[in-house]
Amino acid sequence: MRQRLGFIISVIVFLALWEMLVLFGGISRLLIPTPVAVAGAVLQFFITPQGLAAVSFTFLRFIAGLVSGVTLGVIFGSLLGLIPTMRRVLFPWVDFFRSIPASAFIPLLLLLFGIGDAARLILIIIIVGLLMAVSTMMSLVNCSPTRRLVGKSLGLSRTQLFFSVVLPEVLPNLSTALRLAISFSLILTVLGEMSIGGSALGIGRIMQDAQLVYETPTLYAAIFVAGLLGYALNMGYACLEKNYIHWIGK
Amino acid sequence: MIEFAGVSKNYGSHRVLEGISLSVNPGEIVAIMGPNGCGKSTLLKMLAGFEAPTAGKISRPARPVGFVFQNVIESLFPWQTVEQHVKMAIRGAHNTHERGEEILTMLGLTKYCDKYPYQLSGGLAQLTAIARAVAQEPELFLLDEPFAALDYYTSLLVVERLLTVLATRPMTTVLVTHTLEQAILLADRIIILSPSPGKIVAEVKTPLPRLGRSKLVGTPAFDVVYREAFQHLQGFLCANV
């Protein structure tokens with residue numbers, strides 16, 4: 001409770017200082033609006049149809065990218081992890097492609113798929129997919145040989161070995177990768193909305209439009225809403241992880 | 001009946017075990033001792049069917065064996081409680097619960113049945129690994145250095161619990177250990193291997209009653225066995241120096 005109180009006080013002090021700075025500091029409100037103005041703009045995201053649509057579209061793009069990237073990545077990573085020949089041939093490719101900065105794919109994706117959601121989705125799938133593939137492969141390759149022998153000495157079938165030994169063993173690593181994937185997917189969704197056109201809806205698009213027309217309270221609000229979304233997703237996932245994968249890091 | 005006939009094992013060009021001929025009778029408890037790297041663990045893995053010999057023949061039960069691994073913490077599953085470890089190993093669906101309870105009680109684990117491995121002390125983790133192996137009701141029970149990671153007092157506790165288990169459920173048992181005292185407390189026979197490549201250099205019988213053997217520590221009967229085995233082991237020391 002004391003820690004929480006400290007945090008609340010710090011927020012109040014921060015907002016008060018900010019308000020004072022804008023009111024009496026002689027800074028242009030066009031560059032730094034007052035917290036009250038920003039709060040009003042944040043509210044717009046949750047009460048107006050346009051605001052809600054922007055948040056929902058961004059969220060849907062995020063989920064679509066995350067789910068498809070993770071699914072494809074885990075499948076590909078499992079194949080790499082389970083088939084040594086495939087790993088030997090394809091891992092250097094994977095390793096190279098995952099070293100390419102995500103933003104470097106954007107001009108090419110625009111060229112190949114044009115503006116729109118296809119290019120945005122594919123951008124997330126490439127980055128999140130490669131991340132999950134490498135993580136899945138590594139966790140499978142580094143499974144404890146002792147535990148495999150334990151399974152053998154217990155007389156487990158291959159299916160039993162997979163579900164009661166291999167899967168729980170790789171889950172903590174996959175979960176850590178998934179947390180990164182959630183962050184990446186959100187970053188790339190907003191980046192995609194800003195740099196790949198084709199839709200008037202989305203938090204990233206609103207940011208860019210607001211900047212162009214100097215609607216700074218909306219720009220600040222959009223940044224805050226994106227942060228709120230990321231924070232909520234992170235906290236929600238951390239909570240799930242703690243309850244369902246209690247042996248993580250043990 | 002377990003039988004090794006002229007068994008040798010190489011890893012690449014390195015010979016680990018050479019010409020091992022050994023038979024273990026049903027229900028017998030055998031301890032294997034010898035310097036590091038003499039192939040004790042390899043011998044145990046071949047008994048378990050995890051590895052095949054390079055030469056020679058091994059007859060062993062076809063069923064999976066109860067195996068207590070040297071690296072206990074790694075061999076346990078951090079996603080399972082003590083009780084789940086035991087129940088997972090029980091074969092056949094009938095009265096799993098009662099059978100599990102019985103084993104947990106016998107090893108003194110009832111109080112800890114809801115704990116996860118990372119919440120256990122070294123001794124309790126070792127007892128959990130033993131409980132899991134015993135729950136399989138194996139024909140053959142193998143233990144790889146079960147006392148190596150334990151302090152002296154805890155190792156005595158584990159020996160006591162093991163003796164209780166083996167008294168109520170006789171199993172053909174082979175254990176690898178570095179501590180002579182515990183080998184004598186547990187085994188009917190101690191096999192001593194030479195430094196690498198491991199060959200059987202001596203067999204020391206422990207003609208002591210199984211029950212209440214710990215009371216015999218320090219008595220002349222115990223000391224006779226101790227001295228005989230000690231002399232063989234000390235022999236390697238001289239050879240190495």
Side-chain angles (χ1 to χ4, degrees), chain A residues 70 74 77-78 81-82 84 88 132 135-179 181 236-250, chain B residues 41-42 44-52 60-82 84-92 114-120 125 128-145 174:
Chain A
V70 168
V74 169
S78 306
L82 298 172
R88 273 192 292 275
M132 292 308 294
S135 190
T136 309
M137 185 200 87
M138 288 298 190
S139 352
L140 285 171
V141 170
N142 294 326
C143 260
S144 148
T146 302
R147 290 201 182 129
R148 212 166 280 225
L149 284 181
V150 172
K152 203 172 170 184
S153 79
L154 289 169
L156 301 182
S157 69
R158 280 178 81 94
T159 328
Q160 285 171 320
L161 186 73
F162 179 77
F163 284 105
S164 38
V165 183
V166 177
L167 189 62
E169 191 175 345
V170 299
L171 269 182
N173 279 336
L174 287 191
S175 184
T176 308
L178 188 57
R179 278 178 96 149
Y237 187 72
C239 193
L240 280 178
E241 190 182 61
K242 206 175 138 198
N243 283 319
Y244 291 99
I245 317 177
H246 61 85
W247 62 98
I248 198 160
K250 304 290 182 195
Chain B
S41 290
T42 305
L44 216 57
K45 281 179 189 149
M46 289 198 286
L47 264 175
F50 297 157
E51 290 191 24
R60 51 175 292 279
R63 271 182 55 186
V65 297
F67 200 108
V68 176
F69 289 82
Q70 186 177 359
N71 189 347
V72 180
I73 287 297
E74 200 185 329
S75 80
L76 294 175
F77 301 146
W79 50 90
Q80 284 186 339
T81 62
V82 170
Q84 286 167 337
H85 275 91
V86 172
K87 287 191 174 161
M88 183 196 193
I90 293 175
R91 281 170 217 287
D114 292 331
K115 296 267 187 251
Y116 290 96
Y118 52 83
Q119 298 170 314
L120 301 175
T128 305
I130 291 170
R132 175 172 65 184
V134 170
Q136 289 177 249
E137 296 178 8
E139 271 173 71
L140 182 56
F141 183 33
L142 306 172
L143 302 101
D144 196 357
E145 297 194 25
V174 179

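Since the structure is predicted, the reported quantities are computational estimates derived from the model, not experimental observations.
Remark: Leu156(A) CG to Met88(B) CE distance equals 4.5 Å, nearest 0.5 Å. Distance check: Ser144(A) OG to Asn71(B) CG gives 7.5 Å after rounding to the nearest 0.5 Å.
Among His246(A), Lys250(A), Gln160(A), Lys152(A), the residue making the largest number of heavy-atom pairs under 4.5 Å with chain B is His246(A).
With a 4.5 angstrom heavy-atom cutoff, Gln136(B) touches chain A only via side-chain atoms. In this structure, chain A has no heavy atom under 4.5 Å from any part of Leu142(B). For Ala89(B), the parts lying under 4.5 angstrom from a heavy atom of chain A are both the backbone and the side chain.
Gly155(A) and Pro64(B) get closest at one heavy-atom pair: CA-CG, 3.7 Å. Closest approach of Arg147(A) to Pro78(B), counting heavy atoms only: NH2-CD, 3.5 Å.
Remark: the backbone N or O of Ser164(A) is paired with a side-chain donor or acceptor of Trp79(B) at under 3.5 angstrom.
When side chains are defined from C-beta on, Leu149(A) does not count as touching Phe67(B), because their heavy atoms never get closer than 4.5 Å.
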